[in-house]
Amino acid sequence: MSVFKTIHAAIQAVLEEALVAGTLTLSSEIPAFVVELPREAAHGDLATNVAMALAKAAGKPPRVIAEIVKQGLEPPPLIASVQIAGPGFINLRLAPSVWQDEIREILRVGTRYGDSDLGKGVKVNVEYVSANPTGPMHAGHVRGAVIGDVLAHLMQKAGYDVTREYYFNDSGAQVDVLARTTYLRYREALGEEIGAIPAGLYPGDYLKEVGAALAERDGATWQGKDESEWIEPVRTFAVAWMMRVIRDDLALIGITHDVFTNERELIENGTLDIAFQILDSKGLIYVGTLPPPKGKEMEDWEPVPLTLFRSSLFGDSTDRPLKKRDGYWAYIMPDIAYHYDKIRRGFGVMINVLGTDHGGYLERMRPVVAAFSDKKAQLTVIFNSIVKIFKNGEPVKLSKRSGNLITLREMVEQVGADAVRFFMLTRDPKSPLDFDFAKVVEQTRDNPVFYVQYAHARCCSVLRHAVELFSAEELTEEALAKVALDSLVSEEEIQLVKGMAQWARTVESAAQAQEPHRIAFYLMELAGLFHTLWNKGNDNAALRFIVADDKPTTLARLALITATRTILRSGFGVMGCTPMDELRSGG
RNA sequence: GCGCCCUUAGCUCAGUUGGAUAGAGCAGCCGCCUUCUAAGCGGCAGGUCAGUGGUUCGAAUCCACUAGGGCGCACCA
């Protein structure tokens, strides 16, 4: 258990005692309060706002409550002193052993340090990528893919039961275009002259191999036939092929989904009908006429009665048509059925990673989830903004129409999977992200990928050198966990340990907020603390990690280094990146 | 017209769900290689947190309005 939790629990206990004893009365439950590292070192090791948080419910001034807490807290051995400051902060100074124990704990637990039971095994569905199978993965897909994947890792580390899911539409207009283009490439493979790809079909060469493979399999079977005969088999063939391509592309950056769901299946196995019937049985379906949409030119608008879903009862701005006037399902219906299906499969939390161009999605789907789950299930959408690609400092124009796309494969081949992954999380998802091919591989401080890897490599470097002084048995985690750590007293060393101690709560708060980028920022900060300490050895040789004539101090510092390496590895694990032992190029 | 998102240092961005004197990096200036990796580190300077009003012990954070920017808004699929 981390220091933060220990102290939090201790304060909680004090409050409960005070309630029983009657020295404290509350008009409500004990409100949430935080135990955190204060910004100012002068304020001690830990600070809590508990007194201020309780003030209202207790009907007493913060400093009075703080006094009660202070009395209750003194004098457990791990707390050196308690001070009340400012408007009612409680500042704690801890015994040095607290931080030393944190190191031992990290060494004992290994990269599982930071694991949490916050999620209590709740089933979480993270849906990401979900591109329709019309082409290979390109730059526009990568950010959402990485965000979703790291979020999935993160939620797992925080104790959720995570399913990674991919939803695609294998019917409809886009896929028909795929089929027609494939058919053209198929004729080309059979020796026909096809000329330029007509407007409205997919340019780019990537469907040549699909056409060729189709020709290989079926020969001239479809040549000269009417579209009504070949569209179905060609579509099926092309979709299967493209999904294989997509999976291979995603595997390049270490992404594999657990479940693939497609629209056609939902229709064919009757899920749409079931979903509709359930809404109907809840009295949420009626026939009515919607007002014309405002603010748009609606030349051909005419009021017509339609089958509607009372989504406005669940916060939607309007009710939604589920059937078109011709009686066929409206386009929203498969999405509705899909969310019903997720709820049916037991997911209490559904997270969807989408581009900001899907702005209306959440407003339409939240009512659906609320209706099917009786408002119990939670749907959140992480909207991620665009990635601007730069090469040599110049922006690269991307155009789907001309087929000028930067593919995922190209990105990985040029900068490596780890760099792509890490870099995608160096911004809040909502902010636009500049991806400069040159910068991502730059080995400088500007490049966060490098900066964090470098910290890990430095840890490894020290440990390699340590072998000259110690046996391998002396350097195992088990052995180092038992070493005396009293010599770790410098400001920089303590700061580093405090940084490490934040790992567990970073995992929890990032998971709770569903913000995987916090992991990347944490790692950059931890790397910074480590580099600071390292550099102290440049100023003062006595502060280097390996001091040949002082083995006890060296061992303590090696314990610190090993723990740091463990946290970095734990973080890289969540990021889905491989820590590098050495960065020096050319050996 | 309506809805969602954004606006923080010259630039690019964080900000732990309402806490103490708002933080990094780059760019600028000043320092640091006889070194476990200087591919780095320390320091200085830089702010009306877009604006106004409100909520309260306390607001970059929550609410309302305003300004600017992005995205979305049919029975499309």
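Convention: sequence-line order gives letters A, B, ...; per-chain numbering from 1.
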Hey, is the side chain of A/Lys439 poking within less than 4.0 Å of OP1 or OP2 on B/rU12, counting only N and O atoms? no
Check nucleotides 67-69 of chain B against the protein and report each pair of N or O atoms closer than 3.5 Å, with its distance, or say if there are none.
none

Nucleic acid contacts - residues 327-341 of chain A versus RNA chain B, non-hydrogen atoms under 4.0 Å: A/Tyr331
Verify the contact: side-chain N or O of A/His531 to OP1 or OP2 of B/rC36, cut-off strictly under 4.0 Å; return yes or no. no
Counting N and O atoms only, with roles assigned by atom type, does the side chain of A/Asp434 sit under 3.5 Å from a partner on the main chain of A/Lys388, one being a donor and the other an acceptor? no
Is any N or O donor-acceptor pair between the side chain of A/Asn49 and the base of B/rA20 shorter than 3.5 Å? no
Listing, residues 508-516 of chain A side-chain donor-acceptor contacts under 3.5 Å, not counting sequence neighbours, or none:
from	atom 1	to	atom 2	distance (Å)
A/Glu508	OE2	A/Lys5	NZ	2.8
A/Glu508	OE2	A/Ser116	OG	2.8
A/Ser509	OG	A/Arg505	O	3.0
A/Ser509	OG	A/Thr506	O	3.4
A/Gln514	OE1	A/Thr380	OG1	2.6
A/Glu515	OE1	A/Arg518	NE	2.9
A/Glu515	OE1	A/Arg518	NH2	3.0

Can you find a donor-acceptor N/O pair under 3.5 angstrom joining the side chain of A/Arg544 to the base of B/rC36? no
Between the protein and nucleotides 2-8 of chain B, list every N/O to N/O distance that falls short of 3.5 Å.
none

Please give the distance between the P atoms of B/rU61 and B/rG15 as a whole number of Å. 15 Å
Suppose we screen for side chain to side chain donor-acceptor pair (under 3.5 Å). Which residues come up paired with A/Arg180, at least two apart in sequence or across chains? A/Glu227
Does B/rA24 have OP1 or OP2 under 4.0 Å away from a side-chain N or O of A/Arg39? no
Quick check on RNA chain B: between A/Tyr361 and A/Ala47, whose nearest nucleotide comes earlier from the 5' end? A/Ala47
Under 3.5 Å for both distances, Watson-Crick or G-U wobble, that's the pair rule; now give the dot-bracket for RNA chain B, with | marking pairs to another strand and [ ] for crossing ones. (((((((..((((.....[...)))).(((((.......))))).....(((((..]....))))))))))))....
